[in-house]
Protein chains: 2
Amino acid sequence: MPNKEPSATVGADLPDAAAPARRVRGGPKGLRITDVAAQAGVAPITVSRVFNSPETVAPETLERVRQVVQKLGYVPNRLAGGLSSSRSRLIAAIVPTIAHSLFSDTIQVFSEAMSRAGYQVLLALSGYDGSSEEALLDAVLSRRPEGVLLTGVAHTDSLRARLANVGIPIVETWDMTEQPIDMLVGFSHYQTGVAVAEHFLQTNRRKPALVSANDERALARRRGFRERLARAGIDDIPEVLVAPPSSVAIGKAALPRLIEEARHIDAVFCGSDLLAIGALSAARQLGLSVPSQLAICGFGDLEFATETTPQLTSVHVDGTRIGLTAARCLLDRLAGSAQNKVTDVGFGIIRRATT
Amino acid sequence: MPNKEPSATVGADLPDAAAPARRVRGGPKGLRITDVAAQAGVAPITVSRVFNSPETVAPETLERVRQVVQKLGYVPNRLAGGLSSSRSRLIAAIVPTIAHSLFSDTIQVFSEAMSRAGYQVLLALSGYDGSSEEALLDAVLSRRPEGVLLTGVAHTDSLRARLANVGIPIVETWDMTEQPIDMLVGFSHYQTGVAVAEHFLQTNRRKPALVSANDERALARRRGFRERLARAGIDDIPEVLVAPPSSVAIGKAALPRLIEEARHIDAVFCGSDLLAIGALSAARQLGLSVPSQLAICGFGDLEFATETTPQLTSVHVDGTRIGLTAARCLLDRLAGSAQNKVTDVGFGIIRRATT
DNA sequence: CTGAAAGCGCTTACAG
DNA sequence: CTGAAAGCGCTTACAG
């Protein structure tokens, strides 16, 4: 029961050269707010209020409109709503990857929290190379998100400037910096490397080695590790650098290369739990006892590691807490609170075996 | 260099009771296409073409507009663009969870493929309870996505009808049905259960048991498992049902309960790899040798399992392939191809230990 | 508590 | 190859 005749036929009925040609756009594609309004006998704005501020609508009107909405199956068009109100109710999450779970827990709880608050999450996977970050940011900003979660601190000045200029809340996560763009929830990868170095020193490992991915944060861990060891007089640290994303297979291949290079290593700091598991597997094949002959330390929060690889030590990061805290930061700011905070969630070194 | 004076002050300058009051909306919030057009000395539509059909613009004009875009840092507003063109360039992905990696690989490759094709992914986490599925669908459809990836087949008639009615391509994944809403990329969970049952029978396990989550797909696996065993004359199958999401801890707690119930089990089919790892851990503590005394079979495609738990058998599903195939289905359809296909990606039983 | 008018920032559908 | 006008489906900012 459309409330006006199909406009496509108007010009055809009356070909009048004097009147300007009637422009037509594709025809009606779905239900609009005016369809609901007509059926309910109210103005479109009242239907809008039923969705956006039901408390301002008379109970009886509310009920009537809702019944029509239900009957027709009307779903508001948020493209239009967002354009009109400048409120997209969209939050962008930019993450290198959600495979292999390092960040997937963060995104999981972040999305849940956002969803509860009435926002939806636009997921943008940046990969590890950063080559197309500007293009990705364009794509993200073109949706006019009301907030952005970033994984890692933004590296380039151009990126930082653009993000700062859009004037929406930004949370950088999974890293630490003195000068966040806006808010930050993370921890210091450098300190993580320092802590692992100290752990190795305390357990009398004098020939430590490194298997690291060469992404920004892994390199920060590497730096902390090397610098702390250097202060203890250990300068010659054999290492294998691998390209992200890391995997068990890569870790498995890396250990033999390391041992080829330096036969007498007694500890390896791996850039991720997956690499550590691969290294553990390779150590087994090489007949090395872990951790007595070779200590292996990973990085991550993979639950399975607790049960399946008690020989490994790991730097544990609470990805869930990062996601929840980041969500709260964003939501607080969106609700008007103005605190500009940095949250250091810290990390822990989980040592399972006592040998 | 705005091309018109700020409208907010117009009425203030000339308080004229006869003229209708000038309505004002919040003031200018950002750059618009008209700002770029003015600076470049072209019409807005030309700027639009530079973004959407650059091949139709004269090379010189193209260059000039692009320079202004660059200089100003203009990013088109896709809320407006989508509303106007009825092309949101958004694809929705509805997944129970991305934590713990079962679906995260699928979403990872799906997002990458969509991104390459110029689409962005709206991530919607449905959880496992299905209580708020209608509301979730409303939220998703309100963004007017051009396609939808669903995890699992839609259960309720209402959901199926609504999805079918929106007239956009839909891919159901990670399951199998005779009557998909539109397209489907998955495999039969029921057959998976049958296959595990047969594997147990072939390896002479006569006292099989079950640890299963009670979500729809896990229950289908359970059904296949039980029915196949029943045909072999095994009707009394002890089981523990647990609530999703499953975890190592839950699996670890479940095995003792199972053994309490039925002391003589010689095989367990676990609903997920995490449950299987937990069960393995519990078996160790109970002094049960795996697999010689107790076979344990999981479900999933967690890479680590290959290296860390060779005692386990597992049903392996290629989540990456599902994601890629689903993306291709959607993109083909969006590009105009009309095939309405069901893809069975199958599964494999991965048996690592020979004992 | 409800509504008429204007506007959000684009693109369509012409026309030249 | 370029542009003027109209329209996409909502919400704002009033007014009553």
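Chain letters run A, B, ... following the sequence lines, proteins first and then strands; every chain starts at 1.
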In terms of the nearest nucleotide of DNA chain D, which residue is placed more toward the 5' end: R49(A) or I45(B)? I45(B)
Answer with yes or no whether the side chains of E134(A) and S158(A) bring together a donor and an acceptor at under 3.5 Å. yes
Quick one: look up who dA4(D) pairs with, Watson-Crick or G-U, both distances under 3.5 Å, and put none if it's unpaired. none
Write down the partner of dA13(D) under the Watson-Crick or G-U wobble criteria, each distance required to be under 3.5 Å. none
In whole angstrom, what separates [X]'s [atom1] from [N]'s [atom2]?
{"X": "N52(A)", "N": "dG3(C)", "atom1": "CG", "atom2": "P", "value": "16 Å"}
{"X": "R32(B)", "N": "dG7(C)", "atom1": "CZ", "atom2": "P", "value": "13 Å"}
{"X": "R87(A)", "N": "dT12(D)", "atom1": "CZ", "atom2": "C1'", "value": "14 Å"}
{"X": "I33(A)", "N": "dC8(C)", "atom1": "CD1", "atom2": "P", "value": "19 Å"}
{"X": "R78(A)", "N": "dG9(C)", "atom1": "CZ", "atom2": "C1'", "value": "19 Å"}
{"X": "R143(A)", "N": "dC8(C)", "atom1": "CZ", "atom2": "P", "value": "21 Å"}
{"X": "D35(A)", "N": "dC8(D)", "atom1": "CG", "atom2": "P", "value": "12 Å"}
{"X": "F51(B)", "N": "dT11(C)", "atom1": "CZ", "atom2": "P", "value": "9 Å"}

Nearest-nucleotide pick for [X], side chain only, options being [options]:
{"X": "T61(A)", "options": "dG3(C), dC1(C), dG3(D)", "answer": "dC1(C)"}
{"X": "A43(B)", "options": "dC1(D), dA4(C), dA4(D)", "answer": "dA4(D)"}
{"X": "L83(A)", "options": "dG3(C), dT2(D), dC8(C)", "answer": "dC8(C)"}
{"X": "S84(A)", "options": "dC1(D), dT2(C), dC8(C)", "answer": "dC8(C)"}
{"X": "V57(A)", "options": "dG9(D), dT2(C), dG9(C)", "answer": "dT2(C)"}
{"X": "S85(A)", "options": "dA4(C), dT11(D), dT2(D)", "answer": "dT11(D)"}

Does atom CD of E60(A) have more than 12 heavy-atom neighbours from other groups under 6.0 Å away? no
Between the CG atom in L123(B) and the CD1 atom in I107(A), the distance rounded to the nearest 0.5 Å is 8.5 Å
Got a second to check how far L122(B)'s CG is from I91(B)'s CD1, nearest 0.5 Å? 10.5 Å
Ignoring hydrogens, what is the shortest heavy-atom contact between L79(B) and L83(A)? Give both atom names and the distance. CD1-N, 4.1 Å
For a quick test of reading the model, state the closest non-hydrogen atom pair linking R160(B) to E172(B) and the distance between them. NH1-OE2, 3.9 Å
Presence of donor-acceptor pair under 3.5 Å, side chain of R144(B) and base of dG9(D): no
Determine: side-chain N/O of Y74(B) to OP1/OP2 of dG9(C), distance under 4.0 Å, yes or no. no
Compare side-chain N and O positions of N77(A) against OP1 and OP2 of dC8(D) and report whether any pair is under 4.0 Å apart. no
For A80(B), report the nucleic acid contact type (base, sugar-phosphate, nothing); a contact means any heavy atom under 4.0 Å. base
Does P44(A) or T56(A) map to a spot on DNA chain C nearer the 5' end, using the closest nucleotide for each? T56(A)
